There are 2 protein chains.
Amino acid sequence: MSEQLGAERADRPALTRGRIVDAAVRLVDEQGLAALSMRHLGAELGVEAMALYRHINGREDLLEAMVDALTSRLHLTDDWDLGPEDGWQAYLQKLAHTVRELAYDHPELFPLLVTRHPAAPWLRPPLRSLEVVEDFLTALTGRGFSDDQAVAAYRTFSSFLIGQLLLAVAQRGSIAMAGEEVLDEGGASSPNTTTSLDDFPLVKRLEGKLSEDHADEEFERTLEDLLERIDAEVSR
Amino acid sequence: MSEQLGAERADRPALTRGRIVDAAVRLVDEQGLAALSMRHLGAELGVEAMALYRHINGREDLLEAMVDALTSRLHLTDDWDLGPEDGWQAYLQKLAHTVRELAYDHPELFPLLVTRHPAAPWLRPPLRSLEVVEDFLTALTGRGFSDDQAVAAYRTFSSFLIGQLLLAVAQRGSIAMAGEEVLDEGGASSPNTTTSLDDFPLVKRLEGKLSEDHADEEFERTLEDLLERIDAEVSR
DNA sequence: ACCTGAACACCGTTCAAGT
DNA sequence: ACCTGAACACCGTTCAAGT
């Protein structure tokens with residue numbers, strides 16, 4: 001009698017594009033980008049790799065879908081609880097911190113997000129999506145920005161987010177290694193040319209300061225700076 | 001008699017780590033990152049893939065070496081003709097523009113450069129190398145910066161370069177596509193949910209402005225801003 | 001309708017064997 | 001000493017075949 005119900009085998013929920021993409025994001029979060037193969041992902045979903053091709057147009061399409069899934073989190077929704085009475089600063093603050101959350105939640109995927117071309121070439125990472133950019137422009141032009149000012153702010157803001165967050169994520173990613181050792185340059189170099197910190201006195205002296213992680217304070221400070229510069233531009 | 005001369009067969013120059021890395025960079029520049037495989041690279045050098053493993057510790061090592069080869073271009077040399085009489089602004093200007101050249105010359109590789117962890121975790125992309133960071137700190141502390149100010153400038157400067165140049169490179173990369181068409185979101189979505197620009201009136205109206213390429217002017221303007229802010233910090 | 005087995009053309013990498 | 005052939009374990013992807 002249950003033969004009409006179709007594909008759901010016992011415990012397995014139906015295979016959908018959404019479930020595949022979610023599983024892929026989880027897999028990369030837990031095991032890194034290198035662990036993402038169709039076969040491995042299939043196994044994670046209790047299915048052979050070939051079954052994925054019903055829902056996904058190959059690996060590139062999967063990566064694109066993963067990036068889109070993450071980006072959609074930046075879409076302005078009710079629980080941002082921003083009214084029109086809140087200034088554009090409140091919106092940009094909220095947006096900046098949401099992108100930062102995204103980067104911190106998915107450090108393995110964030111580089112992909114800022115590195116892959118969006119489908120529409122004039123959309124820039126990391127906002128990328130038509131929805132999010134529409135939100136951005138609406139929020140700003142609705143609060144007194146001219147078209148040109150809104151577009152200029154979009155550029156500046158994108159560049160700020162990429163620079164700050166890519167560095168922050170890279171820094172966090174490399175905390176696994178111990179602080180003391182400097183790797184030698186590639187296994188095939190002769191041992192007498194091995195690099196030592198002693199050849200770089202200033203780096204050696206400032207190693208402590210260089211390795212301090214001030215990413216969060218710096219993010220806030222630079223964001224404030226940015227908002228002030230935009231403000232100066234707008235109220236001129 | 002020539003048997004003592006060893007490996008050089010007829011026209012082939014000797015296989016060295018340097019030649020391999022150079023060939024790999026050229027290959028990626030011409031055919032893209034996806035075309036870089038050990039077998040393909042070997043063929044380019046007139047050799048089987050396995051021969052590369054004499055000089056290179058696997059694929060990861062090769063990528064690292066390529067990035068290092070590019071980064072070494074940023075090392076301060078005589079032909080930068082900067083004397084101690086030139087201010088730190090001159091050095092930062094020269095450095096910024098050299099990094100930009102690097103990004104523009106190797107758009108396929110630049111994302112790798114800013115995305116891969118440097119061997120020493122407190123070195124940040126895109127400067128990455130002990131040599132270059134030593135240059136940076138020497139140039140600034142030699143011109144009146146305190147240790148803290150030099151380190152702070154290093155952070156700010158890195159973040160600026162990454163944000164600006166990653167966007168510029170991504171923008172240039174996507175000029176291949178025609179301006180009119182917006183791709184649909186993944187092949188498996190039902191045709192009635194296909195996205196249209198009409199759903200995003202502001203993006204549609206500002207598409208022209210959004211797609212204008214002002215990367216170079218913006219780079220200069222933001223760099224000036226940055227130098228001014230650093231100057232204010234230093235001469236306080 | 002949805003999934004699988006088998007196959008194809010490609011990977012990176014190792015190692016014994018050739019010269 | 002330097003390179004290669006053959007092999008291994010893995011890829012992405014296609015397609016006829018199974019249920």
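Chain naming here is simple, since letters A, B, ... match the order of the sequence lines and numbering starts at 1 in each. In this text, all values refer to a predicted model and were calculated from it rather than measured experimentally.
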Return the polar atom pairs (N/O with N/O) between nucleotides 14-19 of chain D and the protein under 3.5 Å, or none.
none

Do L95(B) and D135(B) have side chains that approach each other closer than 4.5 Å (heavy atoms only, starting at C-beta)?
no

When the distance from CG of L33(A) to P of dC11(D) is rounded to whole Å, what number comes out?
14 Å

Take atom CZ of R59(B) and atom C1' of dC10(C), then tell me their distance rounded to the nearest Å.
13 Å

What is the distance, rounded to the nearest whole Å, between atom CD of E48(B) and atom P of dT4(D)?
5 Å

Can you find a pair of side-chain heavy atoms, one from F157(A) and one from L223(A), that are under 4.5 Å apart?
yes

Base-pairing string, 5' to 3', of DNA chain C - Watson-Crick or wobble, under 3.5 Å, | interstrand
||.|||||...|||||.||

Pairs meeting criterion salt bridge (Lys or Arg N to Asp or Glu O under 4.0 Å) with involvement of residues 103-116 of chain A, two or more places apart
E60(A)-R116(A), E64(A)-R116(A), R73(A)-D105(A)

Within the 4.5 Å heavy-atom criterion, are S129(B) and D68(B) side-chain neighbours or not?
no

Quickly work out the L52(B) CG to dC11(C) P distance and round it to whole Å.
13 Å

What residues 38-45 of chain B contributes to the DNA chain C interface at heavy-atom separation below 4.0 Å is M38(B), R39(B)

Any sub-3.5 Å donor-acceptor pair from Y104(B)'s side-chain atoms to A168(B)'s backbone N or O?
no

Donor-acceptor contact present, side-chain Q164(A) to main-chain S159(B), <3.5 Å:
no

Is any side-chain heavy atom of D199(B) less than 4.5 Å from a side-chain heavy atom of E131(A)?
no

Would you kindly give the NE2-to-C1' distance between H55(A) and dG12(D), to the nearest whole Å?
18 Å

Which pairs would a plain distance check flag for residues 18-29 of chain A, meaning a side-chain donor or acceptor within less than 3.5 Å of a matching protein atom at least two apart in sequence or in another chain?
| from | atom 1 | to | atom 2 | distance (Å) |
| --- | --- | --- | --- | --- |
| R19(A) | NE | A14(A) | O | 3.0 |
| D29(A) | OD1 | H106(A) | ND1 | 3.0 |
| D29(A) | OD2 | H106(A) | ND1 | 2.7 |

Could you state the atom-to-atom distance from CG of L62(B) to C1' of dC11(C) in whole Å?
15 Å

Whole angstroms only, please: what is the CG-C1' distance between L63(A) and dG12(D)?
12 Å

Set of side-chain hydrogen bond (donor to acceptor under 3.5 Å, both in side chains) partners for E30(A), sequence neighbours left out
none

Taking the inter-plane angle between the rings of F219(B) and H97(B) on a 0 to 90° scale, is it parallel (under 30°), tilted (30 to 60°) or perpendicular (over 60°)?
perpendicular

Is it true that atom CG of D79(A) has more than 12 heavy atoms of other residues, nucleotides or ligands lying nearer than 6.0 Å?
yes

Would you kindly give the CD-to-C1' distance between E60(A) and dT13(D), to the nearest whole Å?
13 Å

